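Notes follow the structure.
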Amino acid sequence: MPTYQFFKRNIEAKSEIRYLPTDQDQFFANKELLLAQGFEVDGYIIYAANENDAISVFNCDIPYAQIEVYNPNAANDLSHLFEVVIKWISSLASKFKK
C-alpha cells in the first residue's frame, strides 16, 4: 500500500500543505527541498490506497483514522503504531479532563 508524508508551513497566518509519496525515488531529495523552504513534517506517515484517500485521512482530525489504513508490512510499523496509539490515548485523556 502506498505511503504519504505531509508537510506544512505557515506564512502570514496562512497554512500551506504539501505531500509526497514516500515510495518515489526522489522522496528524500524532495523532502529536503520542502524542509529548506520552511515546511515541517506534519503528522504521521499515512498509508492509503491513493492520494485522495491519503488527503482524506490527513484532513480528518480523528487520530484513530490512521489505524484503519495501518499497514502491518511497513518497515517502521511498530514505531508508527506506537505514535498513533499514543495520540489516540492523549485525545481520549483530554476529553475526560473536561
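Quick caveat, the model's predicted, so the values are computed rather than measured.
The hydrophobic cluster containing F28 does not contain I45, counting ILVMFWY residues as joined when their side-chain heavy atoms lie under 4.5 angstrom apart, directly or transitively. No chain of hydrophobic side-chain contacts below 4.5 Å, direct or via other Ile, Leu, Val, Met, Phe, Trp or Tyr residues, connects F6 to L35.
Taking every heavy atom of both residues into account, P2 and A49 meet most closely at CG-O, 3.8 Å. Taking all atoms of both residues into account, the shortest heavy-atom contact from M1 to A48 is CG-O, 3.4 Å.
Few gaps surround CD on E16; more than 12 heavy atoms of other groups in view lie less than 6.0 Å from it. Under a cut-off of 6.0 angstrom, the local environment of CG in D23 is crowded, with over 12 non-hydrogen atoms contributed by other residues, nucleotides or ligands. Around the CZ atom of F27, the shell of radius 6.0 Å holds more than 12 heavy atoms that belong to other residues, nucleotides or ligands.
Put simply, CD on E40 and CG on N10 are 8.0 Å apart, with the number rounded to the nearest 0.5 Å.
Inter-residue side-chain proximity for I55 and N59 is flagged as met; some heavy-atom pair is nearer than 4.5 Å. Taking 4.5 Å as the limit, every side-chain heavy atom of L20 sits out of range of all side-chain heavy atoms of Y4. For the pair F58/D42, a side-chain contact is recorded, criterion being any heavy-atom separation below 4.5 Å from C-beta on. Taking 4.5 Å as the limit, every side-chain heavy atom of L33 sits out of range of all side-chain heavy atoms of F39.
When atom types are taken as modelled, the side chain of N50 and the backbone of D53 share a donor-acceptor pair closer than 3.5 angstrom. In this structure a side-chain-to-backbone donor-acceptor pair under 3.5 Å is present from R9 to Q37.
With hydrogens and angles left out, the side-chain atoms of Q5 and Y44 include no donor and acceptor closer than 3.5 Å.
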